[in-house]
Amino acid sequence: MNIFATYKTHIDAVVGALMAEGALPAGLDLTRVAAEPPREAGHGDISTNAAMILAKPVGKPPRAVAELLVERLKKLPDVTDVSIAGPGFINLKINDDLWRGALRDVLVEGIRYGNADVGKGEPINVEYVSANPTGPMHVGHARGAVVGDALANLLAKAGFKVTKEYYINDAGGQVDNVARALRMRYLQVLGKITAEDVKGALERKEIQYGGEYLMPVAEALAARDGDKWAAVTDDALWIPPLRDFIVAFMMKIVKEDLAAMGIHHDVFSSEKALTVAGKVDDALAFLEGKGLTYTGVLEPPKGKTPDDYEPRPQLLFKATQFGDEIDRPLKKSNGSWTYFAADIAYHKDKVDRGFNTLINIWGADHGGYVKRVAAALKALTDGKGSLDVLLCQMVRVLNNGEPVKMSKRSGTFITMRDLIEEVGKDVVRFIMLTRKNDAPLDFDFAKVTEKSRENPVFYVQYAHARGRSVFRHAAEMFKGADLMDKGLAAADLSRLTDSDEIGVLRAIASWPRTVESAALAHEPHRLAFYMYDLASAFHALWNKGNDAAELRFLQPEDQAVSLARLALVRAVGLVIASGLAVFGVEPVEEMR
RNA sequence: GUGCCCGUAGCUCAGCUGGAUAGAGCGUCGCCCUCCGGAGGCGAAGGUCGGGGGUUCGAAUCCCUCCGGGCACGCCA
């Protein structure tokens, strides 16, 4: 139950009644009227901007409108006081029992507390990772993977019907290139050429992938097929089988790494399968039928030295009709489809599968690609489909403030697997969600494992562990007492009276609206900050007990107050666990 | 040159989609604790929200413009 949503409904009803009576003009738009926690706790419990929003359409100053509302608002359930403040805020004070009721909700609902229905079961497709099957995933992929996965979980919690999807780019020139590199390594494994030869080929740019990670693949190929590919020199004969081999090999590794990260996609879509099934041709025919393609010549790119540029007629998509800067090529000069053409087909495929709302998680280096895909989607759906692309900025990997060197060209880079093995998937996942996706992120091996308030993972997990520790003590102290969630829900919560205790209850009560707003904004990182704040309030309460023994959660001489406080402790743990579940992080029982 | 993202305390960052006196951690300064309810606590100083215009009851938030940083820029993916 979302208390703020409830009061928003109440406030709307009050305004509605006044409109019906003619005290306010009819037909007022209430969508921007909000019921929120006030910035300052001293201002009350729930604050509404209704008077300020309505002032203009009503034609009276905010405070005059507020006067009209106040008497009615006073009569709302559990409202103990109403005041007008500042430019026209109306602040409601409500009975503390309402906060206590929220606590009871948590105990009854468990980690489902905060589940919302703003999604109304609408299908939504979240595509993330989609790393090329040409090598292992690195830190950048890890960030996108975690952001996408947490966002998908968050949307599911908010009531959307979420599909987690991965697009395998197994059809373009890059997979051919990695097949070429694989062949070199294969010949090396067979002893037909040396490591120096491979290096030379790399320097002469005959191959583009030089990483050592290709060696196990080459060995596996040799183990399966012996030397049969050494004698085959016709590209058309050896590239496809080697390409298929390495794609399968890499996808197996990708899936294993994702599993180690706790990530499981519902759907894997293959670019190659899409192409073979003729869906690219279909999609382009569809656009052609709408008169949105033509053959033309693009201007050379501005600001870049167009040394190898030559004007060349190409099949283009009229992206400019849908907000893009230039029309975009669909066919390469060799006659094959561009990546974009296949991507159009892919997005059409998503729409055909019933998704109107699409979310893609990409690296920031793909930012220049967003407009054309959005344009294509508009063209494909007559403007009905919506696409939100979340661009993830760079991750800087540090150790104690010192940058950890990375070079993809030399083949040595920090892989996602490295991160997991170094600090564990839970730490990786949480840290990746402590920044907005469009802000750069520092990942410092030393700091993320530090045991201090500076480290949000530790601080949040510590709060959870402390709560569990209290329960271990309570089981000893109150043998026979019902410490299960249901039992605690029956505790006399009126014994929770300390202002900091009520403060924690308020924080708990605002979890559902945090979930809703984060989901609608596609910003899972907000939950990290919420959890940090809740943990902070909980630790503060704990510290207070250090100084004042009568505020400690467990009072051996007073089981009733202890049970009430245990209910609070448990609720904090459940809400943290609820947030961590969205993040795919396991709450810990104790710190080790 | 064009497009997208970013610019908030000395540092790292929040800021709930336009609300009240702009917050937190670190650092600095002052006081307290040395306790396994442990991996510190309390308090203070510190801001022209990059600059300048505009929109309105009200702007860090929306619009314009300039400055600074990142990313991208026909047939790669």
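All values below come from the heavy atoms of this structure, side chains included, with hydrogens, waters and symmetry mates left out. Chain identifiers are assigned alphabetically (A, B, ...) following the order of the sequence lines, protein sequences preceding nucleic acid strands; residue numbering begins at 1 within each chain.
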Re B:rG18: Watson-Crick or G-U wobble partner, both distances kept under 3.5 Å, found to be none
Tell me if the side-chain of A:Y369 makes a donor-acceptor pair with the base of B:rA77, cut-off 3.5 Å, by modelled atom types. no
So if I take every side-chain heavy atom of A:Q393 and compare against B:rA20, B:rU12, B:rC5, which nucleotide ends up nearest? B:rC5
Should the side chain of A:S47 and the base of B:rA20 be counted as holding a donor-acceptor pair, with the cut-off at 3.5 Å? yes
If B:rA60 has a Watson-Crick or G-U wobble mate with both distances under 3.5 Å, name it; if not, just say none. none
The Watson-Crick or G-U wobble partner of B:rU34, with both key distances under 3.5 Å, is none
Under 4.0 Å, counting only non-hydrogen atoms across every strand here, what does A:R312 touch: a base, just sugar-phosphate, or nothing? base
Taking the P atom in each of B:rC42 and B:rC5, what is the distance between them to the nearest angstrom? 40 Å
Does A:Y532 reach a base, just sugar-phosphate, or nothing at all? Heavy atoms under 4.0 Å. sugar-phosphate
Within 45° of the axis and under 6.0 Å from the centre of the six-membered ring of A:F529, does NZ or CZ of A:R526 qualify? no
Complementary nucleotide for B:rA72 - Watson-Crick or wobble, under 3.5 Å: B:rU2
Sort out the partner of B:rC29 for me: Watson-Crick or G-U wobble, both distances under 3.5 Å, none otherwise. B:rG43
Work out how far the C1' atom of B:rU21 is from that of B:rU28, and round it to whole angstrom. 24 Å
Flag, side chain of A:D29 to backbone of A:T31, donor-acceptor distance under 3.5 Å: yes
